[in-house]
Structures are given as C-alpha cells and as structure tokens.
Amino acid sequence: MANRHTIVLMQPSQNRATRTFMDFDSISQSMDGICGLYERKLKEINPTILNITYDIADLYNFIDGFTDLSALVYDHSIHAFLPYDRQWIKQRMFQHLKRLALR
C-alpha cells in the first residue's frame, strides 16, 4: 500500500493551458507535493516572513481554489490507475498531516 505510484492532475485556473501534473512514488509523497505547492505559494505572497504557518482549513482553501484537481493511484491488484477526486485528496491530506503530527 505504501508504494502506490500516484499522479496528481491539476488545472490551477480556467485556462486549459494551465493543465499539468506531478508524478510521485507514493500517496504520501503526493500529499507532501501538494503541501509543497501551497508552501511555495505562501512564500511568494509573503517573501519577508521567515516562519510561515497555516492550518488545514487554509490548505483546503488552496486545494478548492484549483479549477480541477484529481489523483490517479496505481492499484497493483488490477494493474491500472484508479481515479480519485478533490474530496479524496482532502481526506488523504488530513490523514497524512495527522500522521506527521503524531511523530
């Protein structure tokens, strides 16, 4: 379950030319990748703040701000990618961050 190749498909704006993807070796890495996108955006907006903090609601707002966001996760049992929507990404993000907080 840990090593499930994950492709995050995204379209940040209404412009179809903004469609892109990120490729990861696991679901966990894909969640880190989405967090990294948000953190880079926060740093762009607030270049003078050294320690930027945010909560899950802020991250959810960022995720909801995409025109389209979904994930394709490889399922070894059927040798195919399964599609997941924005809501699934938000649920997995919550689980992922909760696990990181417990470390």
Side-chain angles (χ1 to χ4, degrees):
M1 184 86 159
N3 292 328
R4 294 181 64 193
H5 187 161
T6 303
I7 301 168
V8 177
L9 304 171
M10 63 187 106
Q11 183 177 339
S13 74
Q14 291 290 336
N15 182 349
R16 292 171 64 103
T18 65
R19 287 180 174 175
T20 189
F21 70 95
M22 297 185 302
D23 199 14
F24 300 95
D25 290 332
S26 69
I27 294 170
S28 177
Q29 287 177 4
S30 72
M31 297 300 116
D32 287 338
I34 293 169
C35 284
L37 280 178
Y38 182 52
E39 289 166 6
R40 283 190 293 283
K41 179 146 184 95
L42 287 175
K43 286 177 185 174
E44 280 176 27
I45 295 168
N46 306 290
T48 60
I49 299 175
L50 295 177
N51 293 322
I52 295 175
T53 60
Y54 59 91
D55 64 25
I56 193 77
D58 298 326
L59 186 55
Y60 283 175
N61 285 334
F62 173 72
I63 289 170
D64 288 337
F66 282 83
T67 297
D68 193 15
L69 184 69
S70 58
L72 298 172
V73 180
Y74 191 75
D75 186 324
H76 294 278
S77 67
I78 61 169
H79 303 291
F81 283 91
L82 296 175
Y84 294 97
D85 64 5
R86 181 188 321 258
Q87 196 57 41
W88 179 87
I89 291 171
K90 289 163 66 173
Q91 291 168 348
R92 291 306 296 241
M93 185 65 73
F94 180 77
Q95 294 168 359
H96 177 70
L97 293 175
K98 195 163 101 174
R99 256 193 312 278
L100 289 178
L102 294 174
R103 285 186 183 172

Engineer: Can you tell me how far the CG atom of Asp25 sits from the CG atom of Asp23, to the nearest 0.5 Å?
Structural biologist: 7.5 Å

Engineer: Which pairs pass side chain to side chain donor-acceptor pair (under 3.5 Å) with one or both residues in residues 57-73, sequence neighbours excluded?
Structural biologist: Asp64-Lys90

Engineer: Ignoring hydrogens, what is the shortest heavy-atom contact between Gln11 and Arg19? Give both atom names and the distance.
Structural biologist: OE1-NE, 3.1 Å

Engineer: Verify the cluster assignment for Leu82 and Ile89: are they in a single hydrophobic cluster under the rule of side-chain heavy atoms below 4.5 Å apart?
Structural biologist: yes

Engineer: Decide whether Trp88 and Leu72 are clustered together by the hydrophobic rule: side chain heavy atoms of Ile, Leu, Val, Met, Phe, Trp, Tyr closer than 4.5 Å, transitively.
Structural biologist: no

Engineer: Which donor-acceptor pairs under 3.5 Å do the side chains of residues 36-46 make with protein atoms, sequence neighbours left out?
Structural biologist:
residue: Glu39; atom: OE2; partner: Tyr54; partner atom: OH; Å: 2.6
residue: Arg40; atom: NH1; partner: Gly36; partner atom: O; Å: 3.4
residue: Asn46; atom: ND2; partner: Leu42; partner atom: O; Å: 3.1

Engineer: Let me have the donor-acceptor pairs involving side chains of residues 96-103, under 3.5 Å, with sequence neighbours excluded, atom names and distances please.
Structural biologist:
residue: His96; atom: ND1; partner: Ser28; partner atom: OG; Å: 3.4
residue: His96; atom: NE2; partner: Asp32; partner atom: OD1; Å: 2.6

Engineer: Do you reckon Tyr74 sits in the same ILVMFWY cluster as Leu9, going by side-chain contacts under 4.5 Å, direct or chained?
Structural biologist: yes

Engineer: If a pair satisfies ring pair (Phe, Tyr, Trp, His ring centres under 6.0 Å) and one of its residues is in residues 4-34, list it, with sequence neighbours excluded.
Structural biologist: His5-Phe81

Engineer: Side chains of Ile27 and Tyr84: closer than 4.5 Å at any heavy-atom pair?
Structural biologist: no

Engineer: For a quick test of reading the model, state the closest non-hydrogen atom pair linking Thr18 to Ser13 and the distance between them.
Structural biologist: CG2-OG, 3.3 Å

Engineer: How are the rings of Phe62 and Phe66 set to each other: parallel, tilted or perpendicular (split at 30° and 60°)?
Structural biologist: perpendicular

Engineer: Taking all atoms of both residues into account, what is the closest heavy-atom pair of Cys35 and Met93, and its distance?
Structural biologist: SG-SD, 3.5 Å

Engineer: When you measure from the side chain of Thr6 to the backbone N and O of Arg4, does any donor-acceptor pair fall under 3.5 Å?
Structural biologist: yes

Engineer: Taking salt bridge (charged side-chain N to carboxylate O under 4.0 Å, His left out) as the test, write out the residues that go with Asp55, two or more places apart.
Structural biologist: none

Engineer: Between Arg92 (side chain only) and Met31 (backbone N and O only), is there a donor and an acceptor less than 3.5 Å apart?
Structural biologist: no

Engineer: Would a hydrophobic clustering, with Ile, Leu, Val, Met, Phe, Trp and Tyr connected at side-chain separations under 4.5 Å, put Phe94 with Ile34?
Structural biologist: yes

Engineer: Return the set of residues passing side-chain hydrogen bond (donor to acceptor under 3.5 Å, both in side chains) with Ser77 (not counting sequence neighbours), or none when no residue passes.
Structural biologist: Asp75

